[in-house]
K.L.:
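One structure, as structure tokens, below. Some questions next.
In listed order, ligands and their atoms are each counted from 1. Worth knowing before you read on, the calculation uses all heavy atoms, side chains too, and leaves out hydrogens, waters and symmetry mates.
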Amino acid sequence: MTTEVLDACISPKIAIARAAELLRAGEVVGFPTETVYGLGACVFNEGAVRKIYTAKGRPQDNPLIVHIAETHDVSRVARDIPDEFYRLAESFFPGALTIILRRHSDVPAIVSAGLDTIAVRMPAHDIALGIITATGEPLVAPSANRSGKPSPTSAQHVLDDLNGKIAAVVDGGKCSVGIESTIVNILGETPMIVRPGVITQEEIERVLGKNVAIYSGQETTQPIAPGMKYRHYAPQATVKLMASWSEILEEVHKNPNPKRMILSNEKAPPELQSQVYLLSPTTIYSDFRLADAENFREILILCSDTVQNNVALMNRISKAASGT
Ligand code: TXA
Ligand code: MG
């Protein structure tokens, strides 16, 4: 299969129309969102959804997120929708928040990997919203990477992983957020964040007027966010979390010449400056991909106070480090 590249920066209308045409024909298409690129398929087309799992090499027990362009479309994919959903939607849609609801019986079970729940979000991205609207149906879209690779934040990343395996990718430039949406489950007594993102626990608590828990990642008999158990977000290099520049210097002196990347949001000592890349949520995944492409052996990440206080960024960094 040749993967069409549809340039939405030059001609958004043509790109959106072609993407919608392919999606309605049961194909899968990569498209930009504000968080990361998604790999879309029509939610009610079981065969198309199956193609997503195949293209990504995704385990069958890892459910997908449904993307809607209008809040009222939630009733096409979910049932018994609690009032909290509408309060969160009012404040955060469109935006980087995914909400777990009860699945509508019209939605094929494969979308939720057999769970009776469904994850729903409305992306804050004109191209994504345009494609959903033009297709006329909510779209399931996991991140458009091969399973186990960092999420893609550009159309080139999608091609690097999936060229020849998907019908098309819509190029809408780089993603502005760079890490995946916050996922919150509002079905229990206490709402629970099962994946941290740029929309924070405090912001959700303010809107709901009650405490929100953050899933600790401890194993339970019933996995709460099935995707959390996989080795996501991890580059091939060994990732080490460092507390200070002196710790980094010690590591560098011990082992002067491996192919190494240093990530930090603070100014580096002069002797390290050439190896240091700016650490931020927006660029973390493209830096991991660069490290893979350049065959870096080691990635040292300086966990400054600001970095440690960024729950979503620390979550992705810790996962990358624990996988190696
Ligand atoms: O920002 C994002 O959310 C991006 C863009 C493309 O929208 N999508 C994304 O999808 O990150 P994916 O498939 O890479 O991650 C979906 C996560 C997985 O960890 C999965 O386990 C969880 O959502 N998930 C999906 N449905 C769920 C459900 N019903 N209950 C609990 N977790 C669910
Ligand atoms: Mg993913």
Side-chain angles (χ1 to χ4, degrees), residues 28-41 43 49 52-53 55-69 77-78 92-104 107 109-125 127-129 131-132 138-153 157-158 161-162 169-170 172 175-188 191-199 215 217 220 222-234 281 285 288 312 315-316 319:
V28 300
V29 174
F31 64 87
T33 81
E34 83 279 32
T35 57
V36 301
Y37 272 70
L39 184 59
V43 66
V49 177
I52 287 184
Y53 284 91
K56 279 183 61 89
R58 185 179 179 101
Q60 293 274 348
D61 63 349
N62 195 359
L64 308 173
I65 295 174
V66 180
H67 295 63
I68 55 176
V77 295
F92 300 117
F93 281 11
L97 182 69
T98 297
I99 304 173
I100 309 285
L101 299 167
R102 298 199 187 289
R103 177 164 57 91
H104 195 296
V107 175
I110 186 179
V111 168
S112 292
L115 298 175
D116 66 354
T117 53
I118 184 92
V120 180
R121 95 171 185 100
M122 186 191 291
H125 196 292
I127 306 295
L129 294 172
I131 293 170
I132 300 164
L139 298 177
V140 291
S143 50
N145 50 289
R146 282 286 293 178
S147 213
K149 295 272 266 174
S151 289
T153 54
H157 294 161
V158 179
D161 283 12
L162 300 174
V169 60
V170 178
C175 300
S176 59
V177 172
I179 57 173
E180 307 84 347
S181 59
T182 305
I183 305 180
V184 64
N185 186 326
I186 56 169
L187 297 175
M192 174 146 15
I193 292 174
V194 296
R195 182 177 70 186
V198 288
I199 293 177
Y215 178 53
T220 57
Q222 191 74 38
I224 295 175
M228 303 289 272
K229 72 176 187 237
Y230 294 105
R231 185 178 173 263
H232 268 174
Y233 319 125
Y285 288 144
F288 284 167
N315 170 270
R316 306 312 191 270
K319 275 175 180 295

K.L.:
Number the atoms of ligand 1 from 1 as they appear, then name those within less than 4.0 Å of a heavy atom of Ala119, with their elements.
P.N.:
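In order of number, 25 (C), 26 (N), 27 (C).
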K.L.:
Identify the heavy atoms of Arg121 and Leu97 that sit nearest to each other, and give their distance.
P.N.:
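That closest heavy-atom pairing would be CB-O, 3.1 Å.
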K.L.:
Quick one: which of Ser181, Gly114, Pro63 has a heavy atom closest to atom 24 (N) of ligand 1?
P.N.:
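It is Pro63 whose heavy atom sits nearest to atom 24 (N) of ligand 1.
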K.L.:
Where on Arg121 is there a heavy atom closer than 4.0 Å to ligand 1, on the side chain, on the backbone, on both, or on neither?
P.N.:
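The answer is the side chain of Arg121.
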K.L.:
From the options Ile118, Val120, Thr117, select the one residue that forms a side chain to side chain contact (heavy atoms under 4.5 Å, CB included) with Arg103.
P.N.:
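That would be Ile118; it is the only one of Ile118, Val120, Thr117 passing the side chain to side chain contact (heavy atoms under 4.5 Å, CB included) with Arg103.
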K.L.:
Of the backbone atoms (N, CA, C, O) and the side-chain heavy atoms from C-beta on, which set of Arg58 has a member under 4.0 Å from an atom of ligand 1: side chain, backbone, both, or neither?
P.N.:
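The answer is the side chain of Arg58.
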K.L.:
Among Val49, Ile68, Leu64, Val107, which residue meets the side chain to side chain contact (heavy atoms under 4.5 Å, CB included) test with Val43?
P.N.:
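Filter result, single survivor: Val107.
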K.L.:
Does some non-hydrogen atom of Pro123 fall short of 4.0 Å from ligand 1?
P.N.:
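So Pro123 does not count as touching ligand 1.
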K.L.:
Which of the numbered atoms in ligand 1 are below 4.0 angstrom from a heavy atom of Ile100?
P.N.:
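With Ile100 as reference, the close atoms of ligand 1 come out as 27 (C), 28 (C), 30 (N), 31 (C), 32 (N), 33 (C).
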K.L.:
Is it the side chain, the backbone, both or neither of Val194 that has a heavy atom closer than 4.0 Å to ligand 1?
P.N.:
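For Val194, no heavy atom sits under 4.0 Å from ligand 1.
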K.L.:
Counting each atom of ligand 1 from 1 as listed, which ones have a heavy atom of Pro142 under 4.0 Å away?
P.N.:
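Here the atoms of ligand 1 in question are 10 (O), 12 (P), 13 (O).
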K.L.:
Quick check on contacts: which atoms of ligand 1 are under 4.0 angstrom from a heavy atom of Thr35?
P.N.:
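Counting from 1, the qualifying ligand atoms are 1 (O), 2 (C), 4 (C), 5 (C).
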K.L.:
For a side chain to side chain contact (heavy atoms under 4.5 Å, CB included) with Val169, tell me which candidate from Val158, Leu162, Val29, Leu39 qualifies.
P.N.:
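Result: among Val158, Leu162, Val29, Leu39, Val158 is the only option passing the side chain to side chain contact (heavy atoms under 4.5 Å, CB included) with Val169.
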K.L.:
For the residue pair Pro150 and Phe288, what are the closest heavy atoms and their distance?
P.N.:
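So the two residues come closest at CG-CB, 3.9 Å.
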K.L.:
Evaluating non-hydrogen atoms only, which member of Thr117, Ile179, Val66 is closest to atom 29 (N) of ligand 1?
P.N.:
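Closest candidate by heavy-atom distance is Thr117.
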K.L.:
Between Glu180 and Arg316, does the side chain to side chain contact (heavy atoms under 4.5 Å, CB included) criterion hold? Intermediate values first, please.
P.N.:
CA-CA 10 Å; Glu180 307 84 347; Arg316 306 312 191 270; 2.9 Å; yes
K.L.:
Rounded to the nearest 0.5 Å, what separation is found between the NE2 atom of His67 and the CZ atom of Phe31?
P.N.:
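It is 5.0 Å, given to the nearest 0.5 Å.
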K.L.:
Please say whether more than 12 non-hydrogen atoms of neighbouring residues, nucleotides or ligands are located less than 6.0 Å from CZ in Arg146.
P.N.:
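Count over threshold, so yes.
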K.L.:
So which atom in Ile179 and which in Ala312 form the shortest heavy-atom distance, rounded to 0.1 Å?
P.N.:
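Result for this residue pair: CD1-CB, 3.6 Å.
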K.L.:
Tell me the closest heavy-atom pair linking Gly178 and Thr153, and the distance in Å.
P.N.:
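Closest approach of Gly178 to Thr153: O-CG2, 3.5 Å.
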K.L.:
For atom 15 (O) of ligand 1, which of the options Arg102, Glu180, Arg195, Lys56 provides the nearest non-hydrogen atom?
P.N.:
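Among Arg102, Glu180, Arg195, Lys56, the closest heavy atom to atom 15 (O) of ligand 1 belongs to Arg195.
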K.L.:
Which atoms of ligand 1 are found less than 4.0 Å from any heavy atom of Ala141?
P.N.:
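Here the atoms of ligand 1 in question are 6 (C), 8 (N), 10 (O).
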K.L.:
Within the structure, is a non-hydrogen atom of Arg103 found at a distance of less than 4.0 Å from ligand 1?
P.N.:
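No, Arg103 has no heavy atom closer than 4.0 Å to ligand 1.
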K.L.:
Ile183 heavy atoms, cut-off 4.0 Å: which ligand 1 atoms fall inside?
P.N.:
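Listed by number with element, the hits are 17 (C), 22 (C), 23 (O).
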K.L.:
With heavy-atom distances below 4.5 Å as the criterion, would you say the side chains of Tyr53 and Ile110 are in contact?
P.N.:
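Touching, per the 4.5 Å side-chain cut-off.
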K.L.:
Could you tell me whether Ser143 approaches ligand 1 through its side chain, its backbone, both or neither, with non-hydrogen atoms closer than 4.0 Å?
P.N.:
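Looking at Ser143 and ligand 1, atoms from backbone and side chain both fall under 4.0 Å.
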K.L.:
If I take every N, O or S atom of Ser143, is at least one of them less than 2.8 Å from the Mg ion (ligand 2)?
P.N.:
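So Ser143 counts as coordinating the Mg ion (ligand 2), yes.
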K.L.:
How does Asn62 reach ligand 1, by side chain, by backbone, by both or by neither, if only non-hydrogen atoms under 4.0 Å count?
P.N.:
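Only the side chain of Asn62 comes within reach of ligand 1.
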K.L.:
Distance under 4.0 Å to a non-hydrogen atom of Gly38: what atoms of ligand 1 satisfy this?
P.N.:
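Atoms satisfying the 4.0 Å criterion: 6 (C).
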